S.K.: 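Here it is, the structure in full.
Note that ligands are numbered from 1 as they come in the structure, with each ligand's atoms numbered from 1 the same way. Below, each value reflects all heavy atoms present in this structure, side chains not excepted, and no hydrogens, waters or symmetry copies. In this chain, numbering begins with 1 at the start of the sequence shown. Just so you know, these numbers come straight off a predicted model, no measurement behind them.
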Amino acid sequence: MNTTELIAKIDRLRRKKNAVIMAHYYQTGDIQDIADMVGDSLALAQYAAKTDADIIVLCGVHFMGETAKILSPTKKVLVPDMDAGCSLADSCPADEFERFVKAHPDYTVVSYVNTTAAVKAHTDIVVTSTNAKKIIDTLPQDAKIIFAPDRNLGNYINSVTGRNMLLWDGACHVHEQFSVESLVALKKQYPNAKVLAHPECKNVVLMLADFIGSTQALLNHTTQSDSREFLVATESGIIHQMQRLNPDKVFIPVPPVDSTCGCNDCKYMRLNTLEKLYACLLNEQPEILVDEELRKKAVKPIERMLELSK
Ligand code: 13P
Ligand code: SF4
């Protein structure tokens, strides 16, 4: 089947089954183009909470599908590839996290959305990179806070809020890997280019950035900025939307260390393909299921986030 036929079949199936296709900005361009909505982690959660579709197909990684299921338990939530996990979520095993939280009983527990439902169940408030500062600013100045699992985002939020949150020592394999040497060389090669970085990047990369933000914030900045050239230090899938919205501007991906392709791709996000999206709509598999007792615990900190994000 060629791509045009595949797209037509996906389109027919989604209408017939009243399914909505949601995609994160780190998906490949073909998946972003066919999706009913494309967004950052916060927008995906907000959309999943209010959609009236019978089926949600979440083109992203497992925790995104799981969050959608937690918020919309009566819907069927499908993912194109069940193996699309997340190294950041994996860096925070739920049993270790539970012990850590129990050892700090007087702390408010803030977790990034890039966590499993079992970690969210031990969390007071979930945040994304779009709303982390805003939500942490609502906590009393003297509150003791645990932040998990991303140490880079945690350090960044500490620096912009003046907090001293206790950080879980986790990281994302994509954002940890940007080559500072290559970034410095690219800055010399493109002296007018602005450096855009996601706060999951190491501090040394953030120090070289002109603008730091979530995928949605980075995208907004590319349209609002007068600059014509950008060096992009986040997963390269986002460049599809940046280029689509700004056809006259130039976007150069910052490569990871030891790179041959020059791009920094999330191997989990890349497991999703148009073929798997079609098969998943057709067979209604793989399906995300969440134990109801766990869901009831995990939904509370997510709903708190959605409330505080209004
Ligand atoms: P945002 O889209 O919320 O910025 O998150 C990036 C990310 O790490 C998704 O895996
Ligand atoms: Fe997880 Fe990093 Fe991939 Fe995002 S880019 S899904 S944080 S591994």
S.K.: Checking contacts here: is it the side chain or the backbone of His175 that comes within 4.0 Å of ligand 1, counting heavy atoms only? Could be both or neither.
M.R.: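 Neither part.
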S.K.: Do me a favour and list the nearest non-hydrogen protein atom to atom 8 (O) of ligand 1 with residue, atom name and distance?
M.R.: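 Among all protein heavy atoms, the one nearest atom 8 (O) of ligand 1 is Glu200 OE2, 2.8 Å.
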S.K.: Please tell me whether Trp168 and Phe147 form a close aromatic pair, meaning their ring centres lie under 6.0 Å apart.
M.R.: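 For Trp168 and Phe147, the ring centres are not under 6.0 Å apart.
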S.K.: Can you confirm if the aromatic rings of His198 and Phe178 lie within a centre distance of less than 6.0 Å?
M.R.: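 No, the ring centres sit 6.0 Å or more apart.
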S.K.: For the residue pair Tyr26 and His175, categorise the inter-ring angle as parallel (less than 30°), tilted (30 to 60°) or perpendicular (more than 60°).
M.R.: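 Because their plane-to-plane angle lies in the 30° to 60° range, the rings of Tyr26 and His175 count as tilted.
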S.K.: Counting only heavy atoms, which portion of Leu88 has something under 4.0 Å from ligand 1: side chain, backbone, both, or neither?
M.R.: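 The answer is neither; Leu88 stays 4.0 Å or more away.
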S.K.: Tell me whether Lys267 reaches ligand 2 (any heavy atom closer than 4.0 angstrom to a ligand atom).
M.R.: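 The answer is no: ligand 2 sits nowhere under 4.0 Å from a heavy atom of Lys267.
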S.K.: Using a 3.5 Å cut-off on N or O atoms only, is His198 in polar contact with ligand 1?
M.R.: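 N/O-N/O distance under 3.5 Å: yes.
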S.K.: Closer than 2.8 Å to atom 1 (Fe) of ligand 2, which protein N, O or S atoms?
M.R.: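 Sorted hits: Cys86 SG.
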S.K.: I'd like to know if Glu287 and Lys75 make a salt bridge, using a cut-off of under 4.0 Å between side-chain N and carboxylate O.
M.R.: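 No salt bridge links Glu287 with Lys75.
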S.K.: Side chain, backbone, both or neither: which part of Tyr26 comes within less than 4.0 Å of ligand 1 when only heavy atoms are counted?
M.R.: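 Within the 4.0 Å criterion, Tyr26 contacts ligand 1 through side-chain atoms alone.
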S.K.: Which residue and atom name correspond to the protein heavy atom nearest atom 5 (O) of ligand 1, and how close is it?
M.R.: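 Ranked first by proximity to atom 5 (O) of ligand 1 is Ser41 OG, 3.4 Å.
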S.K.: Using heavy atoms and a threshold below 4.0 Å, how should the contact between His24 and ligand 1 be classified: side chain, backbone, both, or neither?
M.R.: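 The side chain, only.
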